[in-house]
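A short write-up of the structure that comes next.
Every heavy atom of this structure was used, including side-chain atoms; hydrogens, water molecules and symmetry mates were not. Nothing fancy with the numbering, it's 1 onward along the sequence.
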Amino acid sequence: QVQLVESGGGLVQAGGSLRLSCAASGSIFGINTMGWYRQAPGQQRELVADIADGGYINYGDSVKGRFTISRDKAKNTVYLQMHSLKPEDTAVYYCNAHGPLVLYWGQGTQVTVSS
């Protein structure tokens, strides 16, 4: 089993920045991609960004140019640096780790952006 522990959420004013972290522990073999999804009230969960073992990165269209994902493989940790935050970025952010045969989710961390 794999545990994903998220940190770094909180309340920030529009235009501000936050950094999320997600550390994976346990049986991490088989994971080749880590990333972040988010879900706002009444909305579907959507991809924010993910990064694969080979360094390939995907960003959701709404965050391109404002958010940056990075990964420290030695620490089994993925980071999401968020700049120029907008009220519409308000959501619960979930860490995700997956591979061809496995899929794991973190508990989620709330990000609230005030206008």
TODO: Of all the heavy-atom pairs spanning E6 and G106, show the shortest one and how long it is.
DONE: OE2-CA, 3.4 Å

Open item on the list: Contact between T68 and Y59 at the side-chain level, heavy atoms closer than 4.5 Å - yes or no?
Closed with: yes

Task: Linked, directly or transitively: W36 and V12 (ILVMFWY side chains, under 4.5 Å) - done: yes

- [ ] Please determine, by modelled atom types, if Q110 and T112 share a side-chain donor-acceptor pair under 3.5 angstrom.
- [x] yes

Task: Q107 atom CD, neighbour heavy-atom count above 12 within 6.0 Å - done: no

Open item on the list: If hydrophobic clusters are built from ILVMFWY residues whose side chains come within less than 4.5 Å, do I51 and I28 share one?
Closed with: yes

Task: Euclidean distance, K75 NZ relative to S25 OG, rounded to 0.5 Å - done: 15.0 Å

Task: Non-hydrogen side-chain atoms of V102 and I31 separated by less than 4.5 Å - done: yes

Open item on the list: Membership question, hydrophobic clusters at under 4.5 Å side-chain separation (ILVMFWY): are V78 and V2 in the same one?
Closed with: yes

Task: Partner of R71 under side-chain hydrogen bond (donor to acceptor under 3.5 Å, both in side chains), chosen from T77, D53, N76 - done: D53

Open item on the list: Measuring only between side-chain heavy atoms, which start at C-beta, is T90 closer than 4.5 Å to V111?
Closed with: no

TODO: State, with a plain yes or no, whether a side-chain heavy atom of Y104 is found less than 4.5 Å away from one of N96.
DONE: no

Open item on the list: Hydrophobic clustering (ILVMFWY, side-chain heavy atoms < 4.5 Å, transitive) - are L11 and L18 grouped together?
Closed with: no

Open item on the list: Looking at every non-hydrogen atom in both residues, tell me the closest pair between I69 and A49 and how far apart they are.
Closed with: CD1-O, 3.5 Å

TODO: Would you mind reporting whether Q44 and E46 have side-chain heavy atoms less than 4.5 Å apart?
DONE: no

Task: Spacing of CG belonging to D50 relative to CD1 belonging to I57, to within rounding of 0.5 Å - done: 9.0 Å

Open item on the list: Is the terminal nitrogen or CZ of R38 (NZ for Lys, CZ for Arg) located under 6.0 angstrom from the six-membered ring centre of Y94 and within 45° of that ring's axis?
Closed with: no

Task: Given L80, N58, L20, the one that forms side-chain contact (heavy atoms from CB on, under 4.5 Å) with V48 - done: L80

TODO: Return the minimal non-hydrogen interatomic distance between A24 and L4, and the atom names on each side.
DONE: CB-CD2, 3.6 Å

Open item on the list: Students often mix this up, so state it plainly: with edges at 30° and 60°, are the rings of F67 and Y93 parallel, tilted or perpendicular?
Closed with: tilted

- [ ] Check whether any side-chain heavy atom of C95 sits under 4.5 Å from a side-chain heavy atom of W105, and report yes or no.
- [x] no

Open item on the list: So M34 and C22, do their side chains get closer than 4.5 Å, heavy atoms only?
Closed with: yes

TODO: Could you pull out the closest heavy-atom pair between A40 and A91, with the gap in Å?
DONE: N-CB, 3.8 Å

Task: Straight-line distance of S114 OG to Q13 CD, nearest 0.5 Å - done: 5.0 Å

Task: Contact summary for S115 and P87, nearest pair of heavy atoms - done: CB-CG, 3.8 Å

Open item on the list: I'd like to check S70 versus Q81 (side-chain heavy atoms, cut-off strictly below 4.5 Å). Are they in contact?
Closed with: no

